[in-house]
Each structure stands twice: as structure tokens, then as C-alpha cells.
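These notes are about the structure you will find just below.
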Amino acid sequence: MTALDAVSVYTPAFRVPIEDLADPLDLTDIQVRLFRRFHGLDQVRFAPDRSPAELLRAAVEGLAGLRGQEHRVRYVVHGRAMPVVVPYPHNPLHDVCRQLGLGHALAFTVTQQSCASGLLAVELAGRLLAGDPHEDALALVLTGEKAFTRHARLIPGTSLFGEGASACLVSADGPRDRMLSFVCAQRGEFDGEYGDREEEFQRQYRPSLAEVINRAVADAGLALDDIRLVLPHNVNVVTWQRLCSLMDFPVQRVLLSNVPDNGHLFCTDAFANYRTARERDLLREGDHYLVATVGAGAGATFSAMVFQH
Amino acid sequence: MRLVRAGRRAFTGNADVLADDDHRAQVTDYFADLVRPFGAGPVTDLSGQSYGEMAKALVAEVVPAAEPVDLLVLAFSIHDVWPGRATATYLSHVCPGTPMSFAVCDQGSASPFTGLRVIGDYGVRRALLVVVEQGALPYESAAATPLAHRGVAMLYEEGAGTRATEVRQYPDVVPEAVPELARRGVAELSTGHPGARVVLSDSLAAVWPDHPDHTRVPAGQPMTGVWWHLAGASEDAVLVGDYDRDLRYLCFAVVAADQSSVD
């Protein structure tokens, strides 16, 4: 059973109040106030001095569990929201692998599920490990990217993206944080080819997310009330408040404290929220928790994953 | 998994989406922001292809409505001219079966082999591998680009049938180490398929002087080269091999007659 053996997160210390993003993102005062008062955003993290490769490297260097185990890493999978982040043929992923003694691993990026690509990377890593002949094989799942252009910094009326990165050591049968289920539903009908369907997407957002959460919980053999904690994507606070209302789930069991502190860190939210949960001792041995995310942009992907800690 | 159907197609001209002024403006801004930290600038005349448009045509050619797909993997190296699009998610909508879909990239010519490996690991009933490349970069660049816009789609099915697949991938292989590993890879994959036609990319043949008799794929199409040949092959067994000299991946796959169907 796929398991998370260790998780490291790099969140830059540098943070920008959302009011300072008004000019670069062409936001009106009303839009900024909406983000602050309604969506619960406050500051967004950026790493202006770090390149894409340096972001990833910062996360890997914090992964103490990797040291001395590099030779066991057979796969490095970068789960990335934005499909194109550097000019061709630059390759930050392989640069980092070579710098950190992981050049022997099969390294690649999975993408085009937007912010749901991070959970996909974990699931995919588990499948590769399950099919690997080496019993002690490990996979390293990375997330992290730059908010380098307006398209990558803003979901109009919904969220603001920041920068951060994570590194997660995955094993095929580890003892900690075992993955019990994964459900993914893709909605390509919201692609830009079909015109502006924003209103319809907003109508379907919460019911669609609720559906994959319920299916993931059921696939894990659990009831929703068995979920000790939900680790959300940091899209905003109000979305999760309304989702909890829809699902009759206590919002106090959704870890939302990083939304005002970080902004939406692409695929990194899940891992950053996991680290926060561990640091605050919110997960006890045996607890079940759920990670959920929506990859939105051109098309939409709703994903949920249940773990036992 | 067995290969049940394959299609290949070359595309000319620019993506239809580039006729849209709003789209052109958006992606021009995107590419300008993309290359600025690298000291480059955008080109004034945007051209190139969209993998969504290319793959949609290939899906229509290869996947009948009565054969719903469970998994779709899009493999590419050079990006297209719709850089922010979740193209695989879009393809999930246009492909029969609304399959789980994602893209594999940043691995040079190894990406299609990884896609094939992933398809095997998922163990689904039916999966589609789409390999695409297009030949234009919308910014100043000295990088070599493919000679033509081309795509290959391969539909694989679980169970007994006419063709089966196996993959071998070797990371971090320097050119001097290619011959020994290549001999091993071909020997392993040829077991049980003694008559397999060997198809090698130009880049692999160049660093493997004592290579076996093979069909050498012309240079200029680093992603689709060997797969283009596979999609057009009539042989019962084909063994494809590729080498990415920049990223140092050596990869082989055999698509061969399934013994259960031969009997």
C-alpha cells in the first residue's frame, strides 16, 4: 500500500500583502477587498531570488529522510500545475536530480491536471513502485513552481497563487501515512475551447468536489465522520466553509490556517498543510485524514485521497 | 497490454486557435514572461501547433465510440502554443470513455516509454498513448526543433490479442555505456520474439556502432520518430529503441505478437 515516508516543505519567508498585488495584477480595490474579507486571503508567499530549480532543491534539501537513501530512489516525479514553466529545452527537474545525487532515477513531470497534478504524482509513484522489481525502491515526489505570469498568479475572483515547494518520499509499503484511496474526476468540458463557462463551473465546483470526497471516503471503507482532518487546497476560505455546509462536515476539521498565510501554492498546498498538521500534533496514530484539491483553469480536475496516519 | 490500433498524422500550418486575437495576445504575454528571466524575448510572429488540436484528431482516428478508454497519457517534450492549457484534461472530454488523463513530459524522448510503462502499471482494460511534437518556438531560441508537426496515437488493450508490450528504461547513460546496455536491453526484449524487427532512432544508432540489423529512423523527429514507424509497421513484432543524449535516457520497448493469439 502506497505510503508517505517523509515530507518536506519549503515556504519562502518573504510574503506580500495582497494589497501590494493590486497593481501588478490589475486588481481593483473592490477585488482586493473581496479577496481579503470574503475569501480570507491576507498574504502571499514568493521566492523572488529562487529559480524553479532552486525552489525544488530547497524542498529536497529539507528532506532528512532522504539522506543516505538516495540510491534507493528509482523514480522522481514532479507533479506540476502549469504545463510550461521554463523555455524549451531547460529542464530544472533533471538539473536538481543531478545536483543531489539522484541522476540514476527515472525522472519526469506529470501535469495537465492543474493543481490536482500533485496528488496524481503520489498515486502514480505508488503504481510505479508496485511494479518495480526492487523491494526497497523509493520514489521522490516533488511539487513547486513559480508564479511567473498573470495566468499563474491569479484565478479571477477566486484565489491568488504564491510560491513554495515540497518533497515527499514515497514507498510501496511503508508504515506511515498509508494511502487508502484515490478518486479523480476530470471535467474537460470546462476547457477554454467551449467558451466562457465560469458560471456553470462555479455552480458545479462544490458538488463535484463533494462527490469525489465522498467516493474517496467510501473507497477507503470509511464514513465521512471517520475523517479526523481534511487537508485542503488553499483556494480560499469561503469555498471550504460552503463545502462543509454542503457536506455537513465540521469546518473546524479542515486545516485552513495556511490560506491567509501562504496563498494558494499550486500543488504544494496538500504537503504544506500536512506539515502544519504534524507540527501542531493534529494527527494521532491511526487517524484517517483526507487530502482534496481542485485543478482549475482550462478544464477542471477534482481529486481526493484518503490516508491513515 | 497489447496494441490493437495505431494512427499517425502530420499537421501543417498553424493551430486554429492562433487565429483568435485574444488567444494570441494572452499567449504572447505568457511567453514573454516565461523567457524574460532567461534573457530572451518573444518572437513577433507567433506560429506553431496546439497539442489539443493534434491529439483530438488522432483520438477520433484511433478510438471508436464503442471502445471506451480508461486511461490516456499524452507524451511530449517540446511544448505547444497553448502553454497554460490542461490539454490532457480536455482530451479526457473528447475521448470515448472520459478516461483518467494526464501528460508526461520533461524527459525528452524517454517520455513515451514512460507513458507505456505507466499504462502497464495501471492495469486498465484499455489505454491510449498519444505522442506529439511540434516544430515552432514562440521566443528567441537556439534550440533545435522538430522538422514537422507530427503525432502518433496507440490504443492498447489488456488481455490476449495480437500484440503485447514490454519496456526497458536506463537513466543516466553516457554515450560510451550505450552499446553494452543496448545489447542487454534488446536481448531481454527479444526473448520470445526472435523475429522482431528492430527500429532505432538516429540518435541511438549514432552511439551504437555494432548495433544489430535495424531500421534507422531519420533524424529530425526526436519524439515521434520510432513511434511513427511503429504505427505504420506491418510486422508482427517490432522492437523500438531511442537514446536521449542530453538527458541520458536509453529506452526500449517491444510491441510483439502475443503468444496466446499465435497459438
Side-chain angles (χ1 to χ4, degrees), chain A residues 51-52 74 78 80-94 97-98 102-114 116-117 120-121 124 126-132 146 148-152 184-194 295-301, chain B residues 17 23 26 29-38 40 52-53 74 76-80 82-95 98-108 110-111 114 117-118 120-123 137 139-141 143-145 169 171-172 246-249:
Chain A
S51 68
R74 301 260 302 159
H78 186 192
R80 199 173 65 217
M82 301 295 290
V84 184
V85 297
V86 291
Y88 176 83
H90 289 270
N91 200 313
L93 175 64
H94 282 80
C97 286
R98 286 175 183 169
L102 296 167
H104 58 276
L106 197 73
F108 60 95
T109 293
V110 289
T111 185
Q112 297 187 353
Q113 289 196 358
S114 302
S117 301
L120 169 69
L124 187 52
R127 289 186 184 268
L128 288 166
L129 291 171
D132 194 282
K146 302 287 288 181
F148 68 94
T149 188
R150 190 174 195 276
H151 181 76
C184 169
Q186 288 176 281
R187 305 293 298 275
E189 65 268 36
F190 292 117
D191 182 83
E193 179 167 315
Y194 304 109
T301 299
Chain B
V17 72
H23 179 85
Q26 284 175 18
D29 288 347
Y30 186 110
F31 286 124
D33 291 338
L34 179 81
V35 300
R36 190 174 299 113
F38 296 83
E53 293 176 24
L74 179 70
F76 66 90
S77 178
I78 188 171
H79 61 76
D80 69 351
W82 196 334
R85 188 186 205 184
T87 301
T89 297
Y90 161 73
L91 293 174
S92 173
H93 181 63
V94 301
C95 182
T98 319
M100 161 85 146
S101 302
F102 52 84
V104 173
C105 61
D106 291 350
Q107 205 185 22
S111 293
T114 298
R117 181 181 189 146
V118 165
D121 285 341
Y122 264 81
L137 285 174
Y139 42 79
E140 300 162 350
S141 174
T145 57
Q169 289 178 288
D172 203 22
D246 293 331
L247 298 180
R248 302 201 295 245
Y249 285 104

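Atoms considered below: every heavy atom in the structure, side chains included; atoms not considered: hydrogens, waters and symmetry mates. First the proteins, then the strands, lettered A, B, ... as listed; each starts at 1.
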Does any backbone or side-chain atom of [X] lie under 4.5 Å from a heavy atom of chain A? Answer side chain, backbone, both or neither.
X        : result
B/Ser77  : both
B/Pro83  : both
B/Tyr90  : both
B/Asp246 : backbone
B/Val17  : neither
B/Thr145 : neither
B/Ala144 : backbone
B/Leu91  : neither
B/Thr114 : side chain
B/Leu137 : side chain

What option among [options] has the most heavy-atom pairs under 4.5 Å with chain B?
options                              : result
A/Pro92, A/Pro89, A/Ala107           : A/Ala107
A/Asn91, A/Thr111, A/Thr109, A/Val86 : A/Thr109
A/His151, A/Glu189, A/His78          : A/Glu189

So [Y] and [X], do their side chains get closer than 4.5 Å, heavy atoms only?
X        : Y        : result
A/Leu128 : B/Arg117 : yes
B/Asp33  : A/Arg150 : no
A/Glu193 : B/His93  : no

Open item on the list: Using 0.5 Å steps for rounding, measure from the OH atom of B/Tyr30 to the CE atom of A/Met82.
Closed with: 3.5 Å
TODO: With rounding to the nearest 0.5 Å, note down the distance linking CG in B/Leu34 to NE2 in A/His90.
DONE: 9.0 Å
Atom group of [X] that falls short of 4.5 Å from chain B, counting heavy atoms:
X        : answer
A/Phe190 : neither
A/Ala300 : backbone
A/His104 : backbone
A/Ala105 : backbone
A/Arg80  : side chain

- [ ] Measure the acute angle between the ring planes of A/His94 and B/Tyr249, then classify it against the limits of 30° and 60° as parallel, tilted or perpendicular.
- [x] perpendicular
Just so I understand: if I count every heavy-atom pair under 4.5 Å between each of [options] and chain A, which residue has the most?
options                              : value
B/Ala88, B/Gly108, B/Ser101          : B/Ser101
B/Val94, B/Asp172, B/Ile78           : B/Ile78
B/Leu74, B/Val35, B/Leu247, B/Val118 : B/Leu247
B/Tyr122, B/Phe76, B/Trp82, B/Phe102 : B/Tyr122

Would you say [X]'s side chain and [Y]'s backbone share a donor-acceptor pair under 3.5 angstrom?
X        : Y        : value
A/Gln113 : B/Ala86  : no
B/Tyr139 : A/Tyr88  : yes
B/Gln169 : A/Leu106 : no

TODO: Locate the shortest heavy-atom distance separating A/Gln112 from B/Thr87; write the atom from each residue and the value.
DONE: OE1-CB, 3.4 Å
